[in-house]
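Working notes for the structure below.
FYI, the numbering just counts along the sequence from 1. Whatever order the structure lists them in is the order used to number ligands and atoms, beginning at 1. Below, all heavy atoms of this structure are taken into account, side chains as well, without hydrogens, waters or symmetry copies.
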Amino acid sequence: MNSVTSFTRLKSVSGPNRHSTGGRGKRKSILVSGGAGFLGSRLCGRYLEYGCRVICLDNLSTGRIGNLSHFMEDPNFSFVLHDVVDPIKIDSQIDYIFNMACPASPPKYQSDPIQTMKTNLYGAFNLLDLAGRAKARILQASTSEVYGDPEVSPQPEGYQGNVNTVGPRSCYDEGKRAAETIFHEHRECLGIDLRIARIFNAYGPGMDPEDGRVVSNFINQALAGKPITIYGDGSQTRSFCYLEDMVDGLIALMHGPATSFEPMNIGNPNEFTVAELAALVLEKIPSGSKIVHVDLPTDDPKQRRPDICRAQKHLGWFPRVNLDQGLDQTIDYFRAEAEGRHQSVPLMVR
Ligand code: NAD
Ligand code: UDP
């Protein structure tokens, strides 16, 4: 039994020390850099539900304090306003670190490419340094973008990618690739206990409506009765993974067997064209929005679909929520956001 299973089972156990595990007999402490963002805030929420202590470290560049508002009163939660580009000094016990700090949306990471590179590179060094001092296990949020504009599909972890070093996406793609190398060498040379998750297009409640990614754009455009902006002809593909499935996968990887230190794809292999996504959103939100086609951004990947055999084999993980179900949850969330009704906890499909 891996410890994810025990985490899940712990949810049903009551009492203040329900997460007392291991020889030290203390609650586990989790640090989430980028914990105010879409994925990071849900990780914070999950570990608080498991009874852990959670430290969220974020510079609030794309994250929102509103994502954390429902934890702020929790005595097990603390927030540190900090940029991972700068060295991190935290002396308290830390058992697990999730390095989620980095804007994930193309318009956001391209708005300050040098800061994006620094976040990926200096952030990797600073968090690995912290992990070494704290003797913590660390998980790096890497990305499907390490495959660039892939020439094979689906993409297995062994595929080495097709990445432009000097295009508009390079600050992110090459930053994440270099971060994987920095992590790998810290394991090889210094014995740091680590995991690398290659995340494929996550979506769900908690996304910033202004984020600029395709799912948030299409839903908010449809809700407002505005044109749906398809970039290019819409034949490019993505494989969308619902928030709760993604967070399950990240937690499974963090607590998975020691053999899972190699990079691992975490995503949903069901592939859709962008035009199919637009049609599905319009079917669910019949507000009369028209489709408009605008220029395809430079280096926009033509296809993306994860091969998740490694995650299935090592972690027993696979996604359970299909796009139809996940979009319904996400639309409910964005509708509430648009109407000013704050949903404090992202909805789960189970
Ligand atoms: P997000 O933009 O919602 O969250 C990123 C968080 O990092 C924000 O809270 C932001 O304020 C914080 N941050 C950014 N730069 C920072 C810095 N220098 N110091 C401290 N905090 C900083 O993005 P997300 O979708 O939650 O993605 C989280 C992580 O997962 C990112 O590392 C991203 O690259 C990776 N990822 C996400 C996806 C996805 O589909 N969501 C896909 C691939 C990889
Ligand atoms: N896209 C689109 N319209 C939008 C936003 C994005 O057609 O309003 C396309 C984009 O060109 C890409 C896909 O949707 O092909 C996914 O874009 P996103 O920014 O969500 O993430 P990416 O996978 O490109 O990092």
Checklist entry - If every non-hydrogen atom of G206 is compared with every non-hydrogen atom of R64, which pair is closest and at what distance? => result O-NH2, 3.2 Å

Checklist outcome for this item: atom 38 (C) of ligand 1 has as its nearest protein heavy atom I199 CG2, 3.6 Å

Checklist entry - Does N265 use its side chain to pair, donor to acceptor, with the backbone of D307 at less than 3.5 Å? => result yes

Next on the checklist: For a ring pair (Phe, Tyr, Trp, His ring centres under 6.0 Å) check, start with the C-alpha distance between F98 and Y47, then their side-chain angles and the critical distance, and finish with the verdict.
Outcome noted: CA-CA 12 Å; F98 286 88; Y47 279 97; 5.6 Å; yes

Next on the checklist: Quick test: of every protein heavy atom, which one is nearest to atom 3 (O) of ligand 1, and how far off is it to 0.1 Å?
Outcome noted: F38 N, 2.9 Å

Checklist entry - Distance-only, no hydrogens or angles: does the H186 side chain make a donor-acceptor pair with backbone N or O of I182 under 3.5 Å? => result yes

Item to check | Ring geometry between Y96 and H255 (parallel below 30°, tilted from 30 to 60°, perpendicular above 60°) | outcome: perpendicular

Checklist entry - Does a side chain donor of either S33 or N99 reach within less than 3.5 Å of an acceptor in the other side chain? => result yes

Item to check | Within reach of ligand 1, part of N59 (heavy-atom separation under 4.0 Å) | outcome: both

Next on the checklist: Only heavy atoms of Q115, strictly under 4.0 Å: list the atoms of ligand 1 that pass.
Outcome noted: 18 (N)

Checklist outcome for this item: For R213, the ligand 2 atoms with a heavy-atom partner under 4.0 Å come out as 19 (O), 20 (O)

Checklist entry - Among F334, Y242, F218, F38, whose ring-ring contact (aromatic ring centres under 6.0 Å, His included) with Y203 holds? => result Y242

Checklist entry - Near R304, which atoms of ligand 2 are under 4.0 Å from a heavy atom of that residue? => result 22 (P), 23 (O)

Checklist entry - Within the structure, does G35 bring an N/O atom to less than 3.5 angstrom of an N/O atom in ligand 1? => result no

Item to check | Under 4.0 Å to a heavy atom of N201 - the qualifying atoms of ligand 1, by number | outcome: 40 (O)

Checklist entry - In the protein, which heavy atom is nearest to atom 11 (O) of ligand 1, and how far is it? => result D58 OD1, 2.6 Å

Checklist entry - Which residue, Q303, E271, R304, forms the side-chain hydrogen bond (donor to acceptor under 3.5 Å, both in side chains) with T237? => result E271

Checklist entry - Is there at least one pair of N or O atoms, one from Y172 and one from ligand 1, spaced under 3.5 Å apart? => result yes

Item to check | N or O pair under 3.5 Å between A202 and ligand 1 | outcome: yes

Checklist entry - Can you list the ligand 2 atoms lying under 4.0 Å from a non-hydrogen atom of E145? => result 25 (O)

Item to check | F200, any N or O under 3.5 Å of ligand 1 N or O | outcome: no

Next on the checklist: Closer than 4.0 Å to some heavy atom of I230 - which atoms of ligand 2 meet that?
Outcome noted: 7 (O)

Item to check | N or O pair under 3.5 Å between T119 and ligand 1 | outcome: yes

Item to check | G63: numbered ligand 1 atoms lying under 4.0 Å from its heavy atoms | outcome: 8 (C), 9 (O), 10 (C), 11 (O)

Item to check | Atoms in ligand 1 with a heavy atom of A104 nearer than 4.0 Å | outcome: 2 (O), 23 (O), 24 (P), 25 (O), 27 (O), 33 (C), 37 (C)

Next on the checklist: With a 4.5 Å cut-off on side-chain heavy-atom distances among I, L, V, M, F, W and Y, is there a chain of contacts connecting L48 to M254?
Outcome noted: yes

Checklist entry - Is the shortest N/O to N/O distance between D83 and ligand 1 below 3.5 Å? => result yes

Item to check | Best match, V294, V214, V292: closest heavy atom to atom 17 (O) of ligand 2 | outcome: V214

Item to check | Test item: Q329 side-chain N/O and G204 main-chain N/O as donor-acceptor pair under 3.5 Å | outcome: no

Checklist outcome for this item: Quick note on ligand 1: atoms under 4.0 Å from a heavy atom of L60 include exactly 11 (O)

Next on the checklist: With a heavy-atom distance limit of 4.0 Å, tell me whether D208 approaches ligand 1 through its side chain, its backbone, both, or neither.
Outcome noted: neither

Item to check | ligand 2 atoms in contact with T229 (distance to a heavy atom under 4.0 Å) | outcome: 2 (C), 3 (N), 4 (C), 7 (O), 8 (O)

Item to check | Contact summary for A311 and M264, nearest pair of heavy atoms | outcome: CA-SD, 3.5 Å

Next on the checklist: Need the ligand 2 atom indices (1-based, order shown) with element for anything under 4.0 Å from a heavy-atom of V274.
Outcome noted: 7 (O), 13 (C), 14 (O)

Item to check | Whether S142 lies under 4.0 Å from ligand 1, heavy atom | outcome: yes

Next on the checklist: Please check whether S61 reaches ligand 1 - meaning an N/O of the residue sits under 3.5 Å from an N/O of the ligand, judged on distance alone.
Outcome noted: yes

Item to check | Shortest protein heavy-atom distance from atom 1 (N) of ligand 2, along with the residue and atom involved | outcome: Y231 CD1, 3.4 Å

Next on the checklist: Please check: side-chain N/O of D149 versus main-chain N/O of N162, any donor-acceptor pairing under 3.5 Å?
Outcome noted: no

Item to check | Verdict with reasoning, N120 to Y109, per side chain to side chain contact (heavy atoms under 4.5 Å, CB included) | outcome: CA-CA 11 Å; N120 279 313; Y109 68 65; over 6 Å; no

Checklist entry - ligand 1 and T62, any nitrogen or oxygen pair closer than 3.5 angstrom? => result yes

Checklist entry - Y109: heavy atom below 4.0 Å from ligand 1, yes or no? => result no

Item to check | Residue and atom name of the nearest protein heavy atom (relative to atom 41 (N) of ligand 1), distance in Å to one decimal | outcome: R213 NH1, 2.8 Å

Checklist entry - Any N or O of Y109 that comes nearer than 3.5 Å to an N or O of ligand 2? => result no

Next on the checklist: Any salt bridge linking D248 with R46? Criterion: basic side-chain nitrogen under 4.0 Å from a carboxylate oxygen.
Outcome noted: yes

Next on the checklist: What I want to know is whether A101 and ligand 1 share at least one N or O pair that is separated by under 3.5 angstrom.
Outcome noted: no

Next on the checklist: Counting only heavy atoms closer than 4.0 Å, does ligand 1 sit against the backbone of K108, its side chain, both, or neither?
Outcome noted: neither

Checklist entry - Nearest protein heavy-atom contact for atom 32 (O) of ligand 1: which residue, which atom, what distance? => result K176 NZ, 2.8 Å

Checklist outcome for this item: Quick look: N201 vs ligand 2, heavy-atom contacts under 4.0 Å, and the answer is side chain

Item to check | N or O pair under 3.5 Å between L39 and ligand 1 | outcome: yes

Item to check | P106 touching ligand 2 at heavy-atom level, < 4.0 angstrom | outcome: yes

Checklist entry - Which part of Q236 is near ligand 2, with near meaning a heavy atom under 4.0 Å away: side chain, backbone, both or neither? => result side chain

Item to check | Expected output: side-chain S142 to main-chain I196 donor-acceptor under 3.5 Å | outcome: no

Next on the checklist: Please determine whether salt bridge (charged side-chain N to carboxylate O under 4.0 Å, His left out) holds for the pair R238 and D300, giving the CA-CA distance in whole Å, both sets of side-chain angles, and the decisive distance to 0.1 Å.
Outcome noted: CA-CA 11 Å; R238 294 294 186 272; D300 198 288; 3.0 Å; yes

Checklist entry - Where does S33 meet ligand 1, judged by heavy-atom distances below 4.0 Å: at the side chain, the backbone, both, or neither? => result neither

Next on the checklist: Please list the nearest protein heavy atom to atom 15 (O) of ligand 2 with its residue and the distance rounded to 0.1 Å.
Outcome noted: D300 OD1, 2.6 Å

Checklist entry - Which atoms of ligand 2 have any heavy atom of R169 under 4.0 Å away? => result 22 (P), 24 (O), 25 (O)

Checklist outcome for this item: In ligand 2, the atoms that come under 4.0 Å of a heavy atom of N217 are 4 (C), 5 (C), 8 (O)

Item to check | Side chain, backbone, both or neither: the part of H82 lying under 4.0 Å from ligand 1 by heavy atom | outcome: backbone

Checklist entry - Sub-3.5 Å donor-acceptor pair from the side chain of K302 to the main-chain atoms of E151, do we have one? => result no

Checklist entry - Taking the six-membered ring of Y333, is NZ or CZ of R335 closer than 6.0 Å to its centre and within 45° of its axis? => result no

